[in-house]
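In this chain, numbering begins with 1 at the start of the sequence shown.
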Amino acid sequence: MGKKKLSAVPCPICKGPVEEITVEEESITEAKRVPVLIPAKCTKGHNVILFVDRNFTIRDVEAAGQVVDDGSSESGDSVKKAVKWMDDF
């Protein structure tokens with residue numbers, strides 16, 4: 001298989017578009033649970049979660065929670081990993 005571009009949807013925070021999201025088809029078609037949660041960002045940078053079914057239809061869009069660094073090194077490392085992970089999308 002290959003890659004699939006998802007349809008644009010409105011951001012639940014600012015109503016701006018969440019667009020240009022491309023997923024590996026296998027990540028949806030071979031998922032053990034559906035809908036598949038796909039992290040994304042709107043054009044204004046808000047983090048959102050897309051709920052995508054096996055037909056590559058976005059069934060829901062929710063605002064993603066924000067990670068807060070409480071200053072501890074263990075927590076700080078987790079925050080940095082989570083932020084990097086979200087920024088990769």
Side-chain angles (χ1 to χ4, degrees):
M1 295 197 156
K3 296 181 180 189
K4 183 83 170 176
K5 185 174 176 182
L6 301 177
S7 299
V9 292
C11 173
I13 299 168
C14 68
K15 307 302 181 213
V18 179
E19 58 188 0
E20 302 297 323
I21 305 300
T22 303
V23 295
E24 291 288 338
E25 290 184 19
E26 292 85 13
S27 69
I28 305 295
T29 59
E30 296 177 14
K32 292 183 181 182
R33 296 180 130 191
V34 176
V36 178
L37 282 63
I38 305 292
K41 287 187 177 191
C42 76
T43 56
K44 293 186 179 179
H46 296 118
N47 293 318
V48 298
I49 304 294
L50 308 177
F51 295 79
V52 182
D53 69 15
R54 291 207 196 281
N55 294 319
F56 302 96
T57 301
I58 299 172
R59 294 294 176 183
D60 195 12
V61 182
E62 296 288 336
Q66 297 298 312
V67 178
V68 177
D69 185 356
D70 68 0
S72 70
S73 63
E74 204 172 289
S75 173
D77 291 343
S78 298
V79 169
K80 288 175 187 168
K81 287 179 186 175
V83 168
K84 182 184 180 325
W85 184 76
M86 288 300 292
D87 286 343
D88 286 343
F89 287 97

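- The hydrophobic clustering, which links ILVMFWY residues whose side-chain heavy atoms are closer than 4.5 Å, places Val18 and Phe56 together.
- Atom CG of residue Leu37 and atom CG of residue Asp60 lie 9.5 Å apart, to the nearest 0.5 angstrom.
- Panel note: side chain Asn55, backbone Thr57; no donor-acceptor pair is recorded below 3.5 Å.
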Throw together a table of side-chain donor-acceptor distances under 3.5 angstrom for residues 20-36, partners on residues two or more places apart or in other chains.
from, atom 1, to, atom 2, distance (Å)
Glu20, OE1, Lys5, NZ, 3.2
Glu20, OE2, Lys5, NZ, 3.2
Glu26, OE2, Met1, N, 3.2
Ser27, OG, Glu24, O, 2.6
Thr29, OG1, Glu25, O, 3.2

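- Note on Ile38: it clusters hydrophobically with Val61, by side-chain heavy-atom contacts below 4.5 Å among ILVMFWY residues.
- Smallest separation of non-hydrogen atoms from Val48 and Pro12: CG1-CD, 3.7 Å.
- The distance from atom CD of Glu62 to atom CG of Asn47, rounded to the nearest 0.5 Å, is 14.0 Å.
- Taking both residues in full, the closest heavy atoms of Ile58 and Ser7 are given as CD1-O, 3.3 Å, listed atom of the first, atom of the second, then distance.
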(request) I would like to know whether Lys44 and Cys11 meet side-chain contact (heavy atoms from CB on, under 4.5 Å); could you show each step before the answer? (result) CA-CA 9 Å; Lys44 293 186 179 179; Cys11 173; over 6 Å; no
